[in-house]
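Both backbone and side-chain heavy atoms feed into the values below; hydrogens, waters and symmetry mates do not. Chain A is the first sequence line, chain B the second, and so forth, proteins listed ahead of strands; every chain is numbered from 1. Source: prediction; values computed, not measured.
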There are 2 protein chains.
Amino acid sequence: MRLTTKGRYAVTAMLDLAIHAGKGPVSLADISERQGISLSYLEQLFAKLRRNELVRSVRGPGGGYQLNREQRDINVAQVIDAVNESVDATGCGHTGSCQDGSICLTHHLWCDLSSQIHDFLSQITLADLMERSDVRSVAKRQDREHSSAFEDSLISAKVTA
Amino acid sequence: MRLTTKGRYAVTAMLDLAIHAGKGPVSLADISERQGISLSYLEQLFAKLRRNELVRSVRGPGGGYQLNREQRDINVAQVIDAVNESVDATGCGHTGSCQDGSICLTHHLWCDLSSQIHDFLSQITLADLMERSDVRSVAKRQDREHSSAFEDSLISAKVTA
DNA sequence: CTAATAGTTGACTAAAATAGTCGGTTATTG
DNA sequence: CAATAACCGACTATTTTAGTCAACTATTAG
Ligand code: FES
Ligand code: FES
């Protein structure tokens, strides 16, 4: 089983998408800046998220990504699965064959653990996360921090006008 | 968070130790053969298990390892922690600082997940595992498969006698 | 005593996964 | 048409895993 920055980035990015929805598509450049994730890396992750139909894309200027389902209908396990291919704690992929074809001594333990984790994560939706006070306050801070860039773009727009 | 063969091996080996306790110390060579784990790798893992006082060692012929506590008092989380240094799903080690010093959007989620996993694994002791029917049947199979070596040693003992 | 056993230690290594980067292409819109 | 932003494939540095190897130390059976 592996849960590294890859899965964490994916969930964070999806949550950012959920938070900033409603005002049209969100570009990866925005997510990159707000969440401090490399743009090129985000592109890789979103390719997988799109293949798993968790997001849809809009190309061209003003484009970006949008959630492909209701926030209530996307849970954390789905997001991690999409980029990580499975949250599996067994060494055999549930086939029961990690000791040269036979089942090992601890196979069932890892199966139990896997479903424990999966149950927990699949219970939590993006909508749930958005309601949490800790998430809201962090999101608020991030918007404040990067509003300067937003203002800059407004100013430069004025200047060129 | 990482749960790979390292942690799985450690738990498997500790369970093997528990199963074959009572007849004196168990050598790593025996565990290696029964569980199909490299002897040299086991040595590395048991160095850590010993440093964490989960096992004690007996040197010399007839030596090996023994559990350093009651089977009821050793749980799976302790074993994994000993070799893996923490079952932590956060990217910041619970310090809340993975976005250049500040807390990230999903920090609390990973904290919750970490304690979920830890609670689950720390609830399961070696004694619990030994009572499980699936563990008992796999152990029985392994003893059968490797009884030939055991018989061989009996025979050679008879011959030399 | 001595030879065999089995733990102890440290350094080293091959292979895999992670966490990216880079350069270019394609579709869209103002 | 030019800017934007998604799309795609290949490439790379770093880290971790999973292991090997060689040498050393303590213990005990004979
Ligand atoms: S983990 Fe499934 S057989 Fe070992
Ligand atoms: S996981 Fe703790 S701050 Fe990001």
Side-chain angles (χ1 to χ4, degrees), chain A residues 1-10 12-13 17 20 24-33 35-52 54-66 68 80 83-86 88 91 98-99 153 156-157 160-161, chain B residues 1-10 12-13 17 20 24-33 35-52 54-66 68 80 83-86 88 91 98-99 153 156-157 160-161:
Chain A
M1 131 124 221
R2 47 215 142 125
L3 176 53
T4 57
T5 53
K6 197 192 287 187
R8 279 194 296 267
Y9 279 176
T12 301
L17 214 55
H20 297 92
V26 180
S27 74
L28 293 189
D30 286 355
I31 298 178
S32 170
E33 200 188 348
Q35 306 304 331
I37 306 171
S38 142
L39 175 59
S40 311
Y41 201 38
L42 276 176
E43 283 174 355
Q44 274 185 48
L45 299 180
F46 272 79
K48 294 187 178 186
L49 293 171
R50 197 170 55 95
R51 262 179 249 129
N52 284 69
L54 293 173
V55 297
R56 60 170 172 272
S57 62
V58 179
R59 296 174 83 141
Y65 285 92
Q66 288 171 314
N68 199 28
I80 293 177
V83 295
N84 245 16
E85 6 253 14
S86 94
D88 186 5
C98 81
Q99 191 179 351
S153 73
S156 71
T160 53
Chain B
M1 133 124 220
R2 46 213 145 131
L3 177 51
T4 58
T5 54
K6 197 192 288 188
R8 280 194 295 268
Y9 279 175
T12 302
L17 214 55
H20 296 92
V26 180
S27 74
L28 293 187
D30 286 355
I31 298 177
S32 170
E33 200 187 349
Q35 306 304 332
I37 305 171
S38 144
L39 176 58
S40 310
Y41 201 37
L42 277 176
E43 283 172 354
Q44 276 186 46
L45 299 180
F46 272 79
K48 293 187 178 186
L49 293 171
R50 197 169 55 96
R51 262 179 248 129
N52 284 69
L54 293 172
V55 297
R56 59 170 171 273
S57 63
V58 180
R59 297 172 84 140
Y65 285 92
Q66 289 171 314
N68 200 29
I80 293 176
V83 297
N84 246 16
E85 5 252 15
S86 94
D88 186 6
C98 82
Q99 192 179 349
S153 72
S156 70
T160 53

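Atom CG of B:Asp30 and atom P of C:dA6 are 8 Å apart (whole Å). Rounded to whole Å, the distance from CD on A:Glu43 to C1' on C:dG24 is 12 Å. Taking atom CZ of A:Arg50 as the reference point, atom P of D:dA5 lies 17 Å away to the nearest angstrom. The OH-P distance, from B:Tyr41 to C:dT8, rounds to 18 Å in whole Å. For B:Arg56 and D:dA26, the CZ to C1' distance is 18 Å, given to the nearest whole Å. Remark: C1' of D:dT20 and CG of B:Leu45 are 14 Å apart, rounded to the nearest angstrom. Computed from coordinates, the B:Leu42 CG to D:dC21 P distance equals 16 Å when rounded to whole Å. Across the protein-nucleic acid pair, A:Lys48 atom NZ and D:dC8 atom P stand 14 Å apart, rounded to whole Å.
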**Trace of the side-chain contact (heavy atoms from CB on, under 4.5 Å) decision for A:His20 with A:Asp30** = CA-CA 10 Å; A:His20 297 92; A:Asp30 286 355; over 6 Å; no

- request: Go through the steps to decide whether B:Val26 and B:Tyr65 satisfy the test side-chain contact (heavy atoms from CB on, under 4.5 Å), and finish with yes or no.
  value: CA-CA 5 Å; B:Val26 180; B:Tyr65 285 92; 5.8 Å; no

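The nucleotide whose nearest atom lies closest to any side-chain atom of B:Lys6 is, among D:dT17, D:dG19, C:dT21, D:dT17. The side chain of B:Tyr9 lies closest to D:dG19 when the candidates are D:dG19, C:dG7, C:dA19. Of all nucleotides listed (D:dA18, C:dT8, C:dT29), D:dA18 comes nearest to the side chain of B:Thr4. If you check C:dA19, D:dC7, C:dC22 against the side chain of A:Ser40, the one that comes closest is C:dC22.
Along DNA chain C, the nucleotide nearest to A:Pro61 and the one nearest to A:Arg2 differ in position, and the one closer to the 5' end is contacted by A:Arg2. Take the nearest nucleotide of DNA chain C for A:Val58 and for A:Asn84: the residue whose nucleotide is more 5' is A:Asn84.
Judged by distance alone, with hydrogens and angles left aside, A:Gln44 brings a side-chain donor or acceptor within reach of the base of C:dT21, the pair sitting under 3.5 Å. Between the side chain of A:Arg59 and the base of C:dT26, at least one donor-acceptor pair of N or O atoms lies under 3.5 Å.
A distance of 5.0 Å separates CD1 of A:Ile31 from CG of A:Leu17, quoted to the nearest 0.5 Å. Interatomic distance, A:Leu28 CG to A:Gln35 CD, rounded to the nearest 0.5 Å: 12.0 Å.
Listed pair A:Ser38 / C:dG20 fails the phosphate criterion, with no side-chain N or O lying under 4.0 Å from OP1 or OP2.
Side chain of A:Asn84 to main chain of A:Lys6: no donor-acceptor pair is present (N/O by atom type, distance under 3.5 Å, no hydrogens or angles).
Contacts of B:Phe46 with the nucleic acid, taken as non-hydrogen atoms under 4.0 Å apart, are absent. B:Ser27 comes within 4.0 angstrom of the backbone, heavy atoms only, and of no base.
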